[in-house]
Amino acid sequence: MIELRPFDSLGGENHGWLNAKHHFSFANYYDPKRMSWGSLRVWNDDEIQAGTGFPPHPHSDMEIITYVRDGAITHEDNLGNRGRTEAGDVQVMSAGNGVRHSEFNLESETTRIFQIWIEPTRRGEDASWGAKPFPKGDRAGQFVVLASGFEDDADALPLRTDARVVAATLKAGETAEYPLGAHRRAYLVPAKGSIEVNGVKGNARDGIAVRDVETLIVTALTDSEIVLVDAA
């Protein structure tokens, strides 16, 4: 089963400083048919204006992954962590037994991010945060694991859940395969470009929900940047 969820069908709200679109029910957007996708609970498409951001607020027992599409985001938390994550790079916050953090766009341009929340399988541990650069050249023509809860993915940022976040950059006409497994679920969003997934076409910022499919065959119809969550 492959379901296209066009960008225009997403919920969300423009707050002025923040233009947010939600692939799943979040904040004031509620859709009983879009509550989650397996352990994937949130996929927000956020545009944050220069010099603004999310003031300090708490989280617990959630894996929160931020993929920066344009600009940069600066993280700070009550554990003493502070870091700036640039376009194409990723940060992971394991909220664990509780953390208070802020995320600000300190740049002179609009920052665009995907923020992804995945339910953890390990709860109550100390909170943690980390960030890592993932050069787009390294994932040219193939999927690369950015964050993972599997020990074999040693180069990825760690997650406390049975899931992976992967990405690929494909030129028009290129195809990349991802071995999902029929018992798993996937959710793909092209950050840029347009793609075809096992015959289903999607454009930039559309969501593509997949289940009961052994292997994903992703073809770029135009130059594309793709983010995918592989979840239980």
Side-chain angles (χ1 to χ4, degrees), residues 1-5 23-24 34 36-43 45 63-67 69 88-92 94 114-122 130 132-232:
M1 190 283 285
I2 301 178
E3 177 193 350
L4 176 67
R5 299 180 177 182
H23 286 261
F24 302 97
R34 295 184 180 179
S36 61
W37 192 246
S39 58
L40 173 61
R41 177 61 189 87
V42 169
W43 191 311
D45 181 324
E63 301 300 288
I64 300 176
I65 303 100
T66 304
Y67 180 92
R69 294 153 44 212
D89 298 341
V90 179
Q91 66 173 17
V92 171
S94 294
F114 289 148
Q115 190 176 87
I116 297 163
W117 295 13
I118 306 175
E119 297 276 357
T121 52
R122 291 157 42 203
K132 190 171 182 180
F134 288 95
K136 293 182 182 180
D138 292 352
R139 46 186 146 116
Q142 63 181 342
F143 283 103
V144 170
V145 183
L146 309 179
S148 174
F150 298 99
E151 291 184 2
D152 291 346
D153 297 322
D155 293 334
L157 287 163
L159 295 174
R160 299 172 184 175
T161 188
D162 182 15
R164 288 185 179 95
V165 181
V166 304
T169 53
L170 303 179
K171 293 194 174 296
E174 285 188 327
T175 295
E177 295 189 4
Y178 182 80
L180 178 66
H183 63 292
R184 306 279 296 176
R185 294 180 184 232
Y187 199 85
L188 297 81
V189 181
K192 298 175 183 176
S194 58
I195 63 174
E196 185 174 280
V197 182
N198 295 52
V200 176
K201 295 180 180 179
N203 295 316
R205 302 164 78 186
D206 290 347
I208 302 173
V210 182
R211 71 179 182 202
D212 304 321
V213 175
E214 189 67 36
T215 302
L216 299 182
I217 302 172
V218 182
T219 300
L221 304 177
T222 62
D223 290 357
S224 299
E225 179 182 342
I226 305 149
V227 182
L228 178 156
V229 169
D230 168 356

- Shortest non-hydrogen separation from Asp138 to Val144 and the atoms involved: O-CG2, 3.6 Å
- Check against ring pair (Phe, Tyr, Trp, His ring centres under 6.0 Å), Phe24 and Trp43: CA-CA 6 Å; Phe24 302 97; Trp43 191 311; 7.9 Å; no
- Task: State, with a plain yes or no, whether a side-chain heavy atom of Asp45 is found less than 4.5 Å away from one of Val189.
- Result: no
- Work out which heavy atom in Thr161 is nearest to a heavy atom in Glu119; give both atom names and the distance. OG1-O, 2.7 Å
- Does the side chain of Leu216 reach to within under 4.5 Å of the side chain of Asn198, using non-hydrogen atoms? yes
- Message: Does Asp155 have more than 12 heavy atoms from other residues, nucleotides or ligands lying within 6.0 Å of its CG?
- Response: no
- Enter the distance from Glu177:CD to Ile217:CD1 here, rounded to the nearest 0.5 Å. 5.0 Å
- Message: Evaluate Ile195 against Ile208 for side chain to side chain contact (heavy atoms under 4.5 Å, CB included), listing each step before the verdict.
- Response: CA-CA 10 Å; Ile195 63 174; Ile208 302 173; 4.0 Å; yes
- Once you round to the nearest 0.5 Å, how far does NE2 of His183 lie from CG of Asp212? 11.5 Å
- Query: What pair of heavy atoms forms the shortest contact from Ala231 to Ala163, and how long is it?
  - Reply: CA-CB, 4.2 Å
- Flag the pair Phe143 / Arg164 as yes when at least one side-chain heavy-atom distance between them is below 4.5 Å, and no otherwise. no
- Query: Should we count NZ of Lys201 as having more than 12 external heavy atoms under 6.0 Å?
  - Reply: no
- Query: What's the shortest heavy-atom distance between Ala167 and Tyr67, and which atoms?
  - Reply: CB-CE1, 4.4 Å
- Under the criterion side-chain contact (heavy atoms from CB on, under 4.5 Å), which of Val165, Val229, Leu146 is the partner of Ile65? Val165
- Message: Measuring only between side-chain heavy atoms, which start at C-beta, is Val218 closer than 4.5 Å to Leu188?
- Response: yes
- Just how far is it from atom OG1 of Thr66 to atom CD of Gln115, taken to the nearest 0.5 Å? 4.5 Å
- Note on the structure: Correct closest heavy-atom pair for Lys132 and Asp89 would be O-CB, 3.5 Å
- Kindly compute the distance separating OG (Ser94) from CD1 (Ile118), expressed to the nearest 0.5 Å. 10.0 Å
- Provide the closest heavy-atom pair for Leu157 versus Gly130 in the form atom of the first, atom of the second, distance. CD2-C, 4.0 Å
- Message: Check for me whether Arg139 meets the cation-pi criterion with Phe134, that is, NZ or CZ under 6.0 Å from the six-membered ring centre and within 45 degrees of the ring axis.
- Response: no
- Task: Just grab all the side-chain hydrogen bond (donor to acceptor under 3.5 Å, both in side chains) pairs involving residues 184-194, residues at least two apart or on different chains.
- Result: His23-Tyr187, Asp162-Arg184, Arg184-Asp230, Ser194-Thr222
- Donor-acceptor under 3.5 Å (Glu63 side chain, Arg160 main chain): yes
- Task: Not counting sequence neighbours, which residues clear side-chain hydrogen bond (donor to acceptor under 3.5 Å, both in side chains) with Thr121? List them please.
- Result: none
